[in-house]
Amino acid sequence: MNLIKFSRRLSLISYLALVVVLLTWYGLVDPAPLVLILLLLPLLLPLKGLLRGSPYTHAWSSFLILLYFIHGVVEAYANPPVRMWALLEVLASVTFYTGAIVYARLRGRELKQKPA
């Protein structure tokens, strides 16, 4: 498997993992419906482009995902009872960021090299 396919799959899997972590954390473990809605709504914005494999969507969604990284770090530091969930959020967001940036860069280069 080449690096472009791997990075795309990595970003999609970690995106879905982030959604599952947030649903489990704020839906079951520590129910907070309003927080859950506020955290999941921004994640729905890039979904269509991520599923289509758009390098542009992967690039700008990497900036969006930094909000989840910040949220996870703050929760891990300030709220010890939910530290595990916060660290899972950090892990998923870092993994998504890495996969999305690598995919956007490599796929963008590939598209520029192809003749029109």
Side-chain angles (χ1 to χ4, degrees):
M1 179 183 328
N2 67 14
L3 189 56
I4 295 175
K5 286 182 182 179
F6 176 76
S7 59
R8 179 164 185 254
R9 287 183 181 165
L10 180 67
S11 63
L12 288 175
I13 290 169
S14 56
Y15 175 86
L16 294 174
L18 180 60
V19 170
V20 168
V21 166
L22 292 174
L23 282 171
T24 306
W25 181 4
Y26 289 110
L28 300 174
V29 175
D30 190 15
L34 183 60
V35 174
L36 180 62
I37 291 170
L38 290 174
L39 287 173
L40 286 181
L41 280 178
L43 278 178
L44 295 177
L45 295 174
L47 182 60
K48 184 178 177 183
L50 292 175
L51 292 175
R52 288 187 173 178
S54 166
Y56 179 76
T57 304
H58 279 76
W60 70 258
S61 64
S62 65
F63 294 113
L64 172 71
I65 214 72
L66 292 177
L67 296 172
Y68 296 90
F69 173 77
I70 293 167
H71 176 259
V73 169
V74 169
E75 285 291 333
Y77 178 76
N79 199 352
V82 294
R83 185 166 289 151
M84 180 191 72
W85 295 104
L87 292 175
L88 287 173
E89 181 181 13
V90 168
L91 177 65
S93 61
V94 167
T95 307
F96 176 84
Y97 181 84
T98 305
I101 289 296
V102 170
Y103 176 76
R105 183 173 185 169
L106 296 178
R107 182 70 176 138
R109 283 184 185 170
E110 183 182 69
L111 290 174
K112 282 183 182 177
Q113 290 175 356
K114 287 186 178 179

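Below, each value reflects all heavy atoms present in this structure, side chains not excepted, and no hydrogens, waters or symmetry copies. Everything numeric in this text was worked out from a predicted model, so none of it was measured.
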Which atoms form the tightest heavy-atom contact between Pro55 and Arg107, and what is the distance? CG-CG, 3.6 Å
When rounded to the nearest 0.5 Å, the distance separating CD of Glu110 from CG of Asn2 is 7.5 Å
For the pair Tyr26 (side chain) and Leu39 (backbone), establish whether a donor and an acceptor sit closer than 3.5 Å, ignoring hydrogens and angles. no
Would Ile37 and Leu41 satisfy side-chain contact (heavy atoms from CB on, under 4.5 Å), going step by step from the backbone distance to the final call? CA-CA 6 Å; Ile37 291 170; Leu41 280 178; 3.7 Å; yes
Criterion side-chain contact (heavy atoms from CB on, under 4.5 Å) on Tyr68 and Leu43, from CA distance to verdict: CA-CA 10 Å; Tyr68 296 90; Leu43 278 178; 3.5 Å; yes
Has Arg8 got a side-chain atom pairing as donor or acceptor with Leu50's backbone, closer than 3.5 angstrom? yes
Minimum heavy-atom distance between Gly49 and Thr57, given as atom pair plus value: CA-OG1, 3.6 Å
Rounded to the nearest 0.5 Å, how far does OG of Ser11 lie from CZ of Phe6? 10.0 Å
For Val102 and Ser7, the nearest pair of non-hydrogen atoms, with its separation, is CG1-CB, 3.7 Å
Do side-chain atoms of Arg9 reach the backbone of Ile4 as a donor and acceptor pair under 3.5 angstrom? no
Hydrophobic cluster membership, Leu66 vs Val21, 4.5 Å side-chain cutoff: yes
Which heavy-atom pair separates Ile101 from Ser62 by the least distance, and what is that distance? CD1-OG, 3.3 Å
Output for pair (Glu89 CD, Ile65 CD1), nearest 0.5 Å, gives 8.5 Å
Taking every heavy atom of Ala76 against every heavy atom of Arg83, the minimum-distance pair comes out as O-NE, 2.6 Å
Considering non-hydrogen atoms only, spot the tightest contact between Gly72 and Ala86 and give its length. O-CB, 3.3 Å
Between His71 and Trp25, is the ring centre distance below 6.0 Å? yes
Identify whether Leu40 and Val90 are in the same connected component of the hydrophobic contact network (ILVMFWY, side-chain heavy atoms under 4.5 Å). no
Show your working on side-chain contact (heavy atoms from CB on, under 4.5 Å) between Trp60 and Leu45 and close with a plain yes or no. CA-CA 11 Å; Trp60 70 258; Leu45 295 174; 4.1 Å; yes
Are Leu91 and Phe96 connected into the same hydrophobic cluster when the rule is that any two of I, L, V, M, F, W, Y join if their side-chain heavy atoms are below 4.5 Å apart? no
With the 4.5 Å side-chain cut-off for hydrophobic clustering, are Trp85 and Leu18 part of the same group? yes
When you group the ILVMFWY residues by side-chain heavy-atom contacts below 4.5 Å and let the links chain together, are Tyr103 and Leu64 in the same group? no
Would you give the length of the straight line joining atom CG of Asn79 to atom CG of Asp30, rounded to the nearest 0.5 angstrom? 7.5 Å
